[in-house]
Amino acid sequence: RLRKWQERIRTKDAGERNLQFALSEIDRMASALGVPRSVREVASVIYRRALKEDLIRGRSIEGVATSALYAACRKEGIPRSLEEISEVSRVERKEIGRTYRYISQELGLEMKPVDPKKYVPRFCSELELSEEVQTKANEIIETTAEEGLLSGKSPTGYAAAAIYAASLLCNEKKTQREVADVAQVTEVTIRNRYQEQIEAMGIHS
Amino acid sequence: MSDPKETINIENVVASTGIGQELDLQSVAMDLEGADYDPEQFPGLVYRTQEPKSAALIFRSGKIVCTGAKSTDDVHQSLRIVFDKLRDLEINVNEDPEIVVQNIVTSADLGHNLNLNAIAIGLGLENIEYEPEQFPGLVYRLDDPEVVALLFGSGKLVITGGKKPEDAEHAVDKIVSRLEDLGLLE
DNA sequence: AGATTACTTTTCAAAGC
DNA sequence: GCTTTAAAAAGTAATCT
């Protein structure tokens with residue numbers, strides 16, 4: 001009986017330590033990403049729900065914590081790409097994506113696809129582009145997405161191409177390499193999306 | 001106008017069977033030309049047939065998995081070749097061991113571009129998985145028939161998980177009517 | 001700037017770790 | 001869970017010319 005009691009304490013302590021570790025990791029990654037406190041709170045709620053639903057069994061605590069943060073950023077409307085998330089996590093991109101899809105499905109998070117426009121302000125400010133470019137990029141995204149051009153495309157690449165196109169149209173040109181670097185996509189992807197977008201917008205330049 | 005069912009094409013059939021006999025894969029690998037056997041990496045021996053094209057995984061237990069065939073007919077033809085090859089190695093194989101189709105992969109074309117964002121909302125976020133950052137296809141799991149469909153922006157789709165060719169036809173019918181009801185086709 | 005190759009997703013069986 | 005085998009869809013990416 002004493003053994004059982006000790007075991008319970010041990011399990012409880014271990015569980016408590018694991019939870020604290022997960023929450024501190026979420027805090028550390030959130031700080032590194034520079035996201036507001038509200039995102040960390042949403043992430044910790046998601047993590048606790050995953051814990052309660054026993055979704056961590058067979059998965060790493062880090063992986064679930066990182067995925068919870070990725071989901072929280074999207075839920076709060078300030079998405080970070082898996083690439084950006086993986087840079088502050090010790091879990092690799094593929095594993096974060098896989099774990100995220102699992103907890104999202106199991107917890108019924110009903111995540112809407114990321115709107116490329118959500119990346120425009122952050123990418124543009126990193127490139128020191130004006131408000132005018134941002135407005136133009138949003139317009140390109142809005143118009144071309146309505147025509148169905150967004151289907152199946154990565155939101156970061158889509159946003160990057162629109163920003164590149166807008167920078168040209170507003171005479172604040174950034175090179176494909178500069179935009180590719182902040183969006184963390186390749187120049188090839190920007191070129192491909194850019195061609196489709198300007199064609200759909202009926203722009204010739 | 002044209003029925004998307006007409007565009008269905010079987011791309012891959014996976015089936016399992018077995019000769020009720022244990023095999024010494026090491027010696028089979030020696031005698032069977034073109035056989036790939038690396039037990040450190042995978043316990044099965046790989047044998048590829050040319051016509052029809054397929055890959056057979058042969059196990060120590062005598063169980064065999066055939067993949068890559070383009071029809072259930074090709075599966076039977078391919079396995080007939082494998083059985084004959086084993087008989088050439090003086091291994092007794094019954095005339096027609098039972099062959100069970102485990103999975104059929106099909107492709108089809110709805111003939112219209114699809115707005116996957118609208119479809120994701122329309123079909124219900126709880127029923128689908130659409131993560132374009134990770135994969136361009138929208139994953140839609142059907143209960144009847146029990147298959148998984150991958151929908152793409154081009155209107156092309158992949159149906160997998162079915163055991164019979166009809167499963168894909170029923171799935172395409174259901175998907176088309178669901179999308180039509182939602183007004184998301186065309 | 002192409003072209004090529006390769007990897008992402010789904011499905012399924014097999015035997016073994 | 002993983003390992004291997006096959007196949008399609010379309011997007012992204014790395015590498016070479």
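Proteins get letters first, then strands, A, B, ... in listed order; numbering begins at 1 in each.
Sequence order on DNA chain C of the closest nucleotides to R191(A) and S16(B) puts R191(A) first from the 5' end. For the pair P43(B) and F152(B), nearest-nucleotide mapping onto DNA chain C gives the more 5' position to F152(B).
Contact between the side-chain N/O atoms of R59(A) and the OP1/OP2 oxygens of dG1(D) is not found at any separation under 4.0 Å. In this structure, T186(A) does not reach the dT12(D) phosphate: none of its side-chain N or O atoms is under 4.0 Å from OP1 or OP2. One finds a side-chain N or O of K94(A) lying less than 4.0 angstrom from the OP1 or OP2 phosphate oxygen of dT8(C). The phosphate of dT9(C) has OP1 or OP2 within less than 4.0 Å of a side-chain N or O from R101(A). At dA13(D), one or more side-chain N or O atoms of T189(A) fall inside 4.0 Å of OP1 or OP2 (strictly under the cut-off).
Backbone-only engagement by R193(A) is indicated by non-hydrogen atom pairs under 4.0 Å involving sugar-phosphate atoms exclusively. Within 4.0 Å of G152(A), counting heavy atoms only, lie sugar-phosphate atoms of the nucleic acid but no base atom. If you check every strand for non-hydrogen atoms under 4.0 Å, V185(A) touches sugar and phosphate atoms only. Across all strands shown, R141(B) has heavy atoms under 4.0 Å from sugar-phosphate atoms exclusively, and none from any base. If you check every strand for non-hydrogen atoms under 4.0 Å, R98(A) touches sugar and phosphate atoms only. If you check every strand for non-hydrogen atoms under 4.0 Å, S61(B) touches sugar and phosphate atoms only. V158(B) comes within 4.0 angstrom of a nucleotide base, judged by non-hydrogen atoms across all strands. Contacts of T106(B) with the nucleic acid, taken as non-hydrogen atoms under 4.0 Å apart, are absent.
In this structure, the side chains of T186(A) and T189(A) come closer than 4.5 Å at one or more pairs of heavy atoms.
In this structure, R59(A) satisfies the cation-pi test against Y102(A), with its NZ or CZ atom closer than 6.0 Å to the six-membered ring centre and inside 45 degrees of the ring normal.
You won't find any donor-acceptor pair under 3.5 Å spanning the side chain of T160(B) and the base of dT10(C), going by distance alone.
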